[in-house]
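Just so it is clear, the structure is predicted and the values come from calculations on it, not from any experiment.
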Amino acid sequence: MKNRTLIAALLALALGIPAAVNAQQPSDTTADRHEVRRDRRELRHDRRDTRQDRRDIRQDQRQRRQEIREGDTTAARQETRDIRQDKRGLRSDRRDRRSDRRDVRHDRRDLRRDRHDSTTIKPTNP
């Protein structure tokens, strides 16, 4: 009796695992789609931050030129510091965009692989 129970349990396990893997597949693709959306949203935000930083740099450069013309060197030095800070922010945004593009690329690849894996017929070992 114990042997039959053991064989039945092993058979249920052998048949149940592939079904469980296939049942989990849609949630994997859903999670991957959500990751792609999230990464694309972050990419849009980084582009917006880059535009704002560039605009701030142009504005600070105009103000610095104006202050130099007026002879206010202290304010011009402060504008130079602001320009450096904005350029650091610009570099940081560029790095963020690069990593977000890489994340989107990897998530899309995972999504394609999951779709491919769910459509291919996997041979079962008898």
Side-chain angles (χ1 to χ4, degrees):
M1 187 70 173
K2 288 183 181 181
N3 288 340
R4 287 184 182 171
T5 306
L6 182 64
I7 291 172
L10 288 175
L11 186 60
L13 245 164
L15 295 176
I17 289 176
V21 169
N22 288 336
Q24 292 175 355
Q25 196 68 28
S27 65
D28 291 342
T29 57
T30 302
D32 287 338
R33 274 186 289 158
H34 287 293
E35 286 179 22
V36 168
R37 285 182 190 156
R38 190 173 335 137
D39 290 337
R40 290 181 71 184
R41 185 180 322 119
E42 290 175 7
L43 197 54
R44 281 194 308 271
H45 289 283
D46 290 336
R47 285 187 192 124
R48 184 194 61 210
D49 291 343
T50 299
R51 284 191 302 270
Q52 289 174 347
D53 286 340
R54 286 181 180 157
R55 187 177 56 237
D56 290 344
I57 289 171
R58 285 192 304 268
Q59 181 179 358
D60 289 340
Q61 287 172 340
R62 280 192 301 271
Q63 289 176 349
R64 182 177 61 181
R65 281 193 297 269
Q66 179 69 27
E67 290 160 355
I68 289 173
R69 269 182 259 150
E70 294 172 357
D72 191 1
T73 58
T74 306
R77 275 191 233 118
Q78 180 60 39
E79 291 302 327
T80 302
R81 286 188 211 109
D82 289 344
I83 290 170
R84 284 186 189 137
Q85 183 178 2
D86 291 336
K87 285 186 178 182
R88 274 194 298 272
L90 191 63
R91 285 190 296 270
S92 173
D93 292 337
R94 190 175 298 142
R95 281 191 300 270
D96 287 344
R97 279 194 339 241
R98 189 177 302 132
S99 70
D100 289 340
R101 280 193 305 262
R102 184 174 48 240
D103 289 344
V104 167
R105 202 169 44 245
H106 288 295
D107 291 339
R108 283 181 178 167
R109 183 191 63 207
D110 291 343
L111 190 59
R112 281 192 306 271
R113 285 182 180 172
D114 287 346
R115 285 180 186 157
H116 177 72
D117 291 343
S118 67
T119 57
T120 58
I121 299 173
K122 296 179 184 176
T124 57
N125 293 334

Of all residues at least two apart in sequence or in a different chain, which pass the side-chain hydrogen bond (donor to acceptor under 3.5 Å, both in side chains) check with His106? Arg109

Verdict with supporting geometry, Glu70 and Gln66, side chain to side chain donor-acceptor pair (under 3.5 Å): CA-CA 6 Å; Glu70 294 172 357; Gln66 179 69 27; 2.9 Å; yes

Excluding sequence neighbours, so at least two apart, what forms side-chain hydrogen bond (donor to acceptor under 3.5 Å, both in side chains) with Gln85? none

Can Gln59 and Arg62 be counted as having a side-chain donor-acceptor contact under 3.5 angstrom? no

To the closest 0.5 Å, what do you measure between CG (Asp72) and CD (Glu79)? 9.5 Å

CZ of Arg69 to CD of Glu67: how many Å apart, nearest 0.5 Å? 10.5 Å

Out of curiosity, Arg91 CZ to Asp96 CG, how far, rounded to the nearest 0.5 Å? 13.5 Å

Begin from the C-alpha positions of Gln61 and Arg64 and carry the test side chain to side chain donor-acceptor pair (under 3.5 Å) through to its verdict. CA-CA 5 Å; Gln61 287 172 340; Arg64 182 177 61 181; over 6 Å; no

Rounded to the nearest 0.5 Å, the CZ atom of Arg98 sits from the CG atom of Leu43 at a distance of 12.5 Å

Keeping Thr80 on the side-chain end and Ala76 on the backbone end, is there a donor-acceptor pair under 3.5 Å? yes

Close side-chain approach of Arg37 to His34, heavy-atom, < 4.5 Å: yes

Quick check: closest heavy atoms across Arg108 and Val36, and the distance to 0.1 Å? N-CG2, 3.9 Å

With side-chain hydrogen bond (donor to acceptor under 3.5 Å, both in side chains) as the rule and sequence neighbours excluded, what pairs involving residues 44-56 come up? His45-Arg48, Thr50-Arg97

Is any side-chain heavy atom of Ile68 less than 4.5 Å from a side-chain heavy atom of Thr73? no

How many angstroms lie between OG in Ser92 and NZ in Lys87, if you round to the nearest 0.5 Å? 16.0 Å

